[in-house]
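The sequence lines fix the lettering, A, B, ..., with proteins before strands; numbering per chain opens at 1. The model shown is predicted, which means the values in this text are computed figures rather than measured ones.
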Protein chains: 2
Amino acid sequence: MVKRTSFEGDACPIARSLEAIGDWWSLLIIREALFGLRRFGEFQTKLGMAKNILTVRLRALVDHGILATAPASDGSAYQEYVLTPKGRGTFPILVALRQWSEEFDDRPAEIATILVDRKNGRPVRKLELRAENGRLLSQADTTVKPRPAPRRRSA
Amino acid sequence: MVKRTSFEGDACPIARSLEAIGDWWSLLIIREALFGLRRFGEFQTKLGMAKNILTVRLRALVDHGILATAPASDGSAYQEYVLTPKGRGTFPILVALRQWSEEFDDRPAEIATILVDRKNGRPVRKLELRAENGRLLSQADTTVKPRPAPRRRSA
DNA sequence: GGCAATTGGTTTTATTATGCAACCACACAG
DNA sequence: CTGTGTGGTTGCATAATAAAACCAATTGCC
């Protein structure tokens with residue numbers, strides 16, 4: 001098999017995420033979905049992508065439980081694609097990607113939008129990683145450990 | 001040309017990030033680099049990827065200013081790939097991906113590692129997005145705005 | 001210094017994914 | 001029941017990915 005390697009059985013949680021959303025379009029589809037888009041045609045024209053690719057991506061996102069198909073909404077017989085909680089849970093990932101661009105992009109002038117607090121329109125802070133006790137952590141302050149005792153039960 | 005669409009000129013900061021690190025391997029390479037890997041062979045055996053692909057990816061990451069080639073380190077004549085500040089800046093993205101897996105993966109039992117505070121070995125908190133005044137924000141509390149005043153110049 | 005193994009790739013070839021365009025079925029408006 | 005828009009599918013061309021073979025320079029070892 002010369003398939004594109006799959007990370008499905010991988011033990012690394014990052015690889016597992018990438019398995020689901022680590023391709024060119026999925027995160028952009030999710031981004032638009034968070035923005036409120038729901039219909040096939042909306043995604044297609046907004047993102048300017050080929051329709052067959054969009055079909056494949058939407059199906060994969062549904063299979064992964066990130067999107068769900070809802071029967072209607074405006075009364076028409078067509079279906080819509082709406083984010084599941086798992087899909088909405090990608091928000092921090094999108095924020096992290098955005099902030100990385102904002103901080104390190106070579107031509108930041110080309111970035112068109114900023115993320116703001118809806119209440120007052122002021123920019124948000126950078127994402128913060130904190131210890132249990134609230135202490136701010138940088139990469140150097142962290143390590144990975146083997147996951148502890150798989151809590152006797154189904155999951 | 002039927003090239004894979006590039007997001008290079010895109011105004012969306014998320015698309016811009018994906019342009020640099022939005023492929024299957026780049027983030028995993030960066031992850032290993034954050035772990036301390038530096039040599040071609042280390043990446044190749046640890047990630048189990050084809051060498052030609054690794055070559056292409058490493059070059060792309062260097063071109064994007066995420067990795068830099070350093071002349072030596074252990075005295076040998078070979079070169080090493082080390083993270084730049086821009087590369088280390090991807091840490092929150094990796095954390096976000098990890099936490100998304102931890103929270104939403106269908107088979108969480110298969111996840112082998114957890115991210116902990118180096119000081120006491122306790123798990124870290126979830127990434128927090130805060131307003132200027134420190135208020136915790138969820139996705140619904142945010143919007144995007146056009147970027148303000150592009151500071152008079154060419155752009 | 002001589003020789004084999006290792007490192008860090010390149011080349012070749014096969015397979016898969018992506019992208020465009022054309023096509024098509026169904027819903028809906030009249 | 002005819003025309004139009006929505007939501008796809010199908011073919012074909014091209015690009016990316018993968019595995020394996022190959023190769024040059026660097027090391028390790030004697």
Below the 4.0 Å mark, does dG9(C) have OP1 or OP2 next to a side-chain nitrogen or oxygen of R59(B)?
no

Side chain of W25(A), heavy atoms from C-beta onward: which of dA18(D), dA17(C), dG19(C) has the nearest atom to it?
dG19(C)

Rounding to a whole Å, what distance do you find between D23(B):CG and dT17(D):P?
6 Å

Carboxylate-amine/guanidinium proximity below 4.0 Å for E42(A) and R38(A):
no

Return the value, rounded to whole Å, for the distance between atom CD of Q44(B) and atom P of dT10(C).
13 Å

Using only side-chain N and O atoms of R38(A), determine if any of them is under 4.0 Å from OP1 or OP2 of dG7(D).
no

Under 4.0 Å between a side-chain N/O of T55(A) and OP1 or OP2 of dT9(D), yes or no?
yes

Taken to the nearest whole Å, CH2/W24(A) to C1'/dA16(D) is 10 Å

Classify the angle between the aromatic ring planes of F7(B) and W24(A) as parallel (below 30°), tilted (30 to 60°) or perpendicular (above 60°).
tilted

Counting side-chain heavy atoms from C-beta on, which of dA17(C), dG19(C), dT17(D) comes nearest to I53(A)?
dG19(C)

Polar contact flag, side-chain donor to acceptor under 3.5 angstrom, T55(A)-N52(A)
no

Hey, is the side chain of Y81(A) poking within less than 4.0 Å of OP1 or OP2 on dG8(D), counting only N and O atoms?
yes

Between NZ of K51(A) and C1' of dA25(C) the distance, given in whole Å, is 12 Å

In whole angstrom, what separates L58(A)'s CG from dT6(D)'s C1'?
14 Å

Nucleotide dG5(D), atom C1' - distance to CZ of F40(A) in whole Å:
13 Å

Starting from F35(A), can I reach L27(A) by hopping between I/L/V/M/F/W/Y residues whose side chains sit under 4.5 Å apart?
yes

Rounded to whole Å, please give me the gap between CE in M49(A) and P in dT9(D).
13 Å

Residue-phosphate contact under 4.0 Å: R39(B) side-chain N/O, dT6(C) OP1/OP2
no

Do the side chains of V82(A) and L28(A) join up, straight or via other hydrophobic residues, at under 4.5 Å, putting them in one cluster?
no

Without decimals, in angstroms, what is the distance between N52(A) CG and dC20(C) P?
9 Å

